[in-house]
Amino acid sequence: EGQTKEHALLAFTLGVQQMIVALNKMDACQYSEQRYNDIKEEVSAYLKKVGYKPAKIPFVPISGWVGDNMIDRSSNMNWYKGPILLEALDLVNPPKRPTDKPLR
């Protein structure tokens, strides 16, 4: 929990405007929708305090060990209807570079 808070604060401080929250190890809690909702609620509250808008952040439940919801949609989490991790990454907009300004 402490590391998640540190990373969120550091990302916001460094100007990171877009974020994806991947809730890993869903296999360890038997793919529980209740556990997903609990974590999402807690992390959303902190991200809001930091300055992010949680409604614009995709919270993707994944299992890195099994590969659930990373590249293909998992049948273990039929309750999740949002984008899988790969789709969420595709939705990130590249930052606008000031190409009309002098090189610094």
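Atoms considered below: every heavy atom in the structure, side chains included; atoms not considered: hydrogens, waters and symmetry mates.
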> Hey, what do you get for CG (Leu10) to NZ (Lys5), rounding to the nearest 0.5 Å?
Replying inline: 15.5 Å
> Is there side-chain contact between Ser63 and Asn69, with at least one heavy-atom pair below 4.5 Å?
Replying inline: no
> Relative to the ring of Tyr36, is the ring of Tyr80 parallel (under 30°), tilted (30 to 60°) or perpendicular (over 60°)?
Replying inline: perpendicular
> Looking at CE of Met26 and OG of Ser32, how far apart are the two atoms once the value is rounded to the nearest 0.5 Å?
Replying inline: 6.5 Å
>> Would you compute the distance between atom CG of Asn24 and atom CH2 of Trp65 and round it to the nearest 0.5 angstrom?
In response: 11.5 Å
> Please, which pairs that meet salt bridge (charged side-chain N to carboxylate O under 4.0 Å, His left out) have at least one residue in residues 76-85, sequence neighbours excluded?
Replying inline: none
> If every non-hydrogen atom of Leu47 is compared with every non-hydrogen atom of Ala8, which pair is closest and at what distance?
Replying inline: CD2-CB, 3.6 Å
>> Hydrophobic clusters here meaning ILVMFWY residues chained together by side-chain heavy-atom distances under 4.5 Å, can you tell me if Leu91 and Val21 are in one?
In response: no
>> Under the criterion side-chain contact (heavy atoms from CB on, under 4.5 Å), I'd like the reasoning laid out for Trp79 against Asn37: C-alpha separation, chi angles, the key distance, then a yes or no.
In response: CA-CA 11 Å; Trp79 46 265; Asn37 290 330; 5.7 Å; no
> So, do Val92 and Ile20 sit near enough that their side-chain heavy atoms are less than 4.5 Å apart?
Replying inline: yes
> Which residues satisfy the side-chain hydrogen bond (donor to acceptor under 3.5 Å, both in side chains) test with Gln30, sequence neighbours excluded?
Replying inline: none
> Above 12 or not: heavy atoms from other molecules or residues under 6.0 Å from CG of Leu14?
Replying inline: yes
> Asp38: what forms a side-chain hydrogen bond (donor to acceptor under 3.5 Å, both in side chains) with it, not counting sequence neighbours?
Replying inline: Gln34
> Is there a side-chain contact between Met70 and Leu86, using heavy atoms and a 4.5 Å cut-off?
Replying inline: no
>> Applying ring pair (Phe, Tyr, Trp, His ring centres under 6.0 Å), can you list everything that pairs with Tyr52, at least two apart in sequence or on another chain?
In response: Phe12
> Are Tyr46 and Pro54 close enough that some pair of their side-chain heavy atoms sits under 4.5 Å apart?
Replying inline: no
> Which residue pairs pass the salt bridge (charged side-chain N to carboxylate O under 4.0 Å, His left out) test when at least one of the two sits in residues 47-75, sequence neighbours left out?
Replying inline: Arg73-Glu87
>> Could you measure the distance from the CE atom of Met77 to the CD1 atom of Ile84? Nearest 0.5 Å is fine.
In response: 10.5 Å
> Distance from Leu89 atom CG to Gln18 atom CD, nearest 0.5 Å?
Replying inline: 11.0 Å
> Below 4.5 Å, heavy atoms only, C-beta onward: do Leu23 and Ile62 meet side chain to side chain?
Replying inline: no
> Is there a path of hydrophobic side-chain contacts, each under 4.5 Å between heavy atoms of I, L, V, M, F, W or Y residues, that connects Val16 with Leu9?
Replying inline: yes
>> Suppose the criterion is salt bridge (charged side-chain N to carboxylate O under 4.0 Å, His left out): which pairs have a residue in residues 17-37, not counting sequence neighbours?
In response: none
